[in-house]
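Below is one structure; the comments refer to it alone.
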Amino acid sequence: MGKFASDFLSTLSERGYIHQCSDLEGLDALASRSGIVTYIGFDCTAPSLHIGSLVQIMLLYWAQQTGQKPIALMGGGTTRVGDPSGRDESRRLLTLDEIETNKRGIQQVFSKFLKFGNGAKDAIFVDNAEWLTKLNYIDMLREIGRHFSVNRMLAMDSVKLRLEREHELSFIEFNYMILQAYDFVELARRYGTNLQMGGSDQWGNIVTGIDLGRRMGTSQLYALTTPLITTSSGAKMGKTAQGAIWLNAEMLSPYDYWQFWRNTEDGDVGRFLKLFTTLPMDEIARLEALAGSEINEAKKVLASEATALVHGREAAEASAETSRRTFETGEIAGGLPTIPVDLDAGTGLLAAIVLAGFANSNSEARRHVQGGAIRINDVPVSDDRLTLTRQLLNADGVIKLSMGKKKHVLLKPA
């Protein structure tokens with residue numbers, strides 16, 4: 001992509017964040033000259049963000065670190081509509097209370113990455129419900145809707161793919177791109193925002209906002225998107241058999257978060273160090289050059305650095321130590337995830353495996369047992385009809401349930 005004058009684009013480029021940009025030269029000049037006010041939108045569809053959103057959070061982090069002003073836009077308004085991008089079916093419409101609860105949950109993580117305040121470069125939270133809920137429908141059609149071509153809207157990937165697959169697209173979802181485009185205009189008017197960033201699936205929506213801004217008289221607006229992050233094996237980043245990798249500790253323990261990164265495929269270590277840590281590039285180059293069994297040391301660094309950003313350095317170090325004791329010394333480390341089970345009534349092994357998140361169903365759990373993957377207190381188990389009782393408690397008063405070498409939980413009496 002060539003050399004950039006601004007620290008902002010130089011950093012994003014060397015760390016692998018840039019996929020598309022509406023005008024790299026113009027954006028580079030703006031970042032070098034007067035600075036950028038940039039935003040990313042986060043809809044409030046769950047009580048926590050997951051690591052699918054982590055690249056976007058890192059974009060806001062690096063924007064602030066290189067002298068730009070970041071805005072975390074909460075989608076209190078757009079969540080009421082639902083983004084159809086990348087989906088084959090409509091999202092469930094959430095209640096206003098659910099949206100508000102989710103908004104509070106997802107705001108928690110940003111304070112770990114951004115400095116908020118009233119300063120010129122301090123980050124701010126904004127909720128698009130502030131303006132979207134006040135729009136009068138007739139006025140919106142006249143002032144905003146008239147700038148949209150239905151022909152172009154139908155050609156957008158988020159719409160076209162749904163229609164090609166003959167999956168229903170509701171009218172409310174069809175309006176989503178209009179609201180997202182208007183967010184860009186409103187943020188430009190209120191805060192001087194001139195750059196919207198997002199994942200590659202948002203490119204069409206973002207450039208629609210640029211076009212709407214031009215038609216409604218804003219200053220020049222810019223778009224920048226990140227590549228779709230997949231693993232070396234082609235899997236979507238952050239999707240596991242046990243579900244999403246959440247960023248809030250109450251939805252996923254710091255230890256499990258650390259383990260996710262520790263289990264990174266060899267071919268992804270260097271790339272993920274650039275994207276998901278703040279380590280200097282020369283240190284990343286050193287770690288990236290490690291080969292053979294030494295690559296595991298790089299994975300531990302990745303796990304600890306990524307976990308420290310989200311959960312703090314103390315939790316990251318504790319997770320690393322728990323892992324070391326569990327895998328290297330064979331101890332039962334107290335930092336492992338703990339799950340209460342009823343051992344007096346007797347809990348079936350298959351039910352415990354599902355409860356631990358090692359399987360999604362009893363039949364899947366049975367296959368794990370029959371395949372020799374399950375151990376209790378480090379002893380392989382072959383009886384899928386086994387009932388867990390207090391007789392299995394070890395000296396620490398728990399049952400250590402393991403699948404393979406890397407997945408462990410402690411079962412304690414409820």
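Note that the structure is a prediction, hence the values are computed from the model and not measured.
- By the side-chain contact (heavy atoms from CB on, under 4.5 Å) test, Asn102 pairs with Cys44, Pro47, Leu94, sequence neighbours left out.
- We find that Asp211 and Arg215 are joined by a salt bridge, their nearest charged nitrogen and carboxylate oxygen being less than 4.0 Å apart.
- Between Lys299 and the choices Thr264, Asp266, Asn263, the side chain to side chain donor-acceptor pair (under 3.5 Å) rule is met once, by Asp266.
- The shortest distance between side-chain heavy atoms of Ile71 and Thr193 falls below 4.5 Å.
- If you look at Phe110 and Phe42, their ring centroids are closer than 6.0 Å.
- We find that Lys103 and Asp43 are not joined by a salt bridge, their nearest charged nitrogen and carboxylate oxygen being 4.0 Å or further apart.
- In this structure, Leu224 and Leu9 have side chains that are in contact, with non-hydrogen atoms separated by less than 4.5 Å.
- Arg313 meets the side-chain hydrogen bond (donor to acceptor under 3.5 Å, both in side chains) test with Glu305; sequence neighbours excluded.
- For the pair Asn194 (side chain) and Ile36 (backbone), a donor-acceptor distance under 3.5 Å is absent.
- By the salt bridge (charged side-chain N to carboxylate O under 4.0 Å, His left out) test, Arg189 is found to be paired with no residue, residues two or more places apart in sequence or in another chain being considered.
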Please determine whether side chain to side chain donor-acceptor pair (under 3.5 Å) holds for the pair Ser232 and Asp268, giving the CA-CA distance in whole Å, both sets of side-chain angles, and the decisive distance to 0.1 Å.
CA-CA 6 Å; Ser232 292; Asp268 293 327; 2.6 Å; yes
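- The shortest side-chain heavy-atom distance between Glu186 and Leu132 does not fall under the 4.5 Å cut-off.
- Contact check for Phe276 versus Trp261: side-chain heavy atoms found under the 4.5 Å cut-off.
- The closest donor-acceptor contact from the side chain of Ser53 to the backbone of Leu49 lies at 3.5 Å or more, if one exists at all.
- Between Tyr39 and Tyr191, the distance separating the two ring centers is not shorter than 6.0 angstrom.
- Taking 4.5 Å as the limit, some side-chain heavy atom of Leu388 sits within range of a side-chain heavy atom of Leu386.
- Among pairs with a residue in residues 134-143, none fulfils salt bridge (Lys or Arg N to Asp or Glu O under 4.0 Å), at least two apart in sequence or across chains.
- Around CD of Glu283, the count of heavy atoms belonging to other residues, nucleotides or ligands within 6.0 Å exceeds 12.
- Not counting sequence neighbours, the partners of Glu265 by the side-chain hydrogen bond (donor to acceptor under 3.5 Å, both in side chains) test are Thr231, Ser233.
- Side-chain atoms of Ser22 come within 3.5 Å of backbone N or O of Ala223 as a donor-acceptor pair.
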Apply the test side-chain contact (heavy atoms from CB on, under 4.5 Å) to residues Leu195 and Leu221: give CA-CA distance (whole Å), side-chain angles for both, the deciding distance (0.1 Å), then the verdict.
CA-CA 6 Å; Leu195 171 65; Leu221 304 178; over 6 Å; no
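- A distance-only check finds no donor-acceptor pair linking the side chain of Arg262 to the backbone of Lys300 [under 3.5 Å].
- For Gln202 and Gln180, the side-chain atoms include at least one donor-acceptor pair closer than 3.5 Å.
- A donor atom on one side chain and an acceptor atom on the other are found under 3.5 Å apart for His408 and Ser402.
- A salt bridge between Arg190 and Glu130 is present, with a side-chain N of the basic residue lying under 4.0 Å from a carboxylate O of the acidic one.
- A donor-acceptor pair shorter than 3.5 Å can be found between the side chains of Thr226 and Gln56.
- Checked by atom type, the side-chain pair Trp258/Ser304 shows a donor-acceptor distance below 3.5 Å.
- Residues Gln64 and Lys69 form no side-chain contact, since every pair of their non-hydrogen atoms from C-beta on lies 4.5 Å or further apart.
- Within the 3.5 Å criterion, the main-chain N or O of Thr95 finds a donor-acceptor partner in the side chain of Glu98.
- Side-chain rings of Phe358 and His368 stay apart, their centers remaining 6.0 Å or farther from each other.
- Taking Arg385 as the reference, Asp383 meet the side-chain contact (heavy atoms from CB on, under 4.5 Å) condition, with sequence neighbours excluded.
- Distance alone, capped at 3.5 Å, places no donor-acceptor pair between the Arg366 side chain and the Leu350 backbone.
- Using a distance-only test at 3.5 Å, with no hydrogens or angles considered, no donor-acceptor pair links the side chain of Thr307 to the main chain of Ala316.
- Two residues are said to be in side-chain contact when any heavy atoms from C-beta on lie closer than 4.5 Å; Ile339 and Lys412 fail this criterion.
- Within 6.0 Å of atom CZ in Arg152, 12 or fewer heavy atoms from other residues, nucleotides or ligands are found, so the atom counts as exposed in its surroundings.
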Report the C-alpha distance between Thr208 and Phe184 in whole Å, list the side-chain angles of each, state the deciding distance to 0.1 Å, and finish with yes or no for side-chain contact (heavy atoms from CB on, under 4.5 Å).
CA-CA 9 Å; Thr208 298; Phe184 205 169; over 6 Å; no
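- Using a distance-only test at 3.5 Å, with no hydrogens or angles considered, no donor-acceptor pair links the side chain of Asp28 to the main chain of Phe4.
- The backbone N or O of Leu343 lies less than 3.5 Å from no partner atom in the side chain of Thr347, so there is not a single donor-acceptor pair.
- For the pair Asn248 (side chain) and Glu250 (backbone), a donor-acceptor distance under 3.5 Å is absent.
- None of Leu309, Thr277, Leu12 except one satisfies the side chain to side chain contact (heavy atoms under 4.5 Å, CB included) rule with Met58; the exception is Leu309.
- Looking at heavy atoms from C-beta onward, Cys21 lies in side-chain contact with Leu27 at the 4.5 angstrom threshold.
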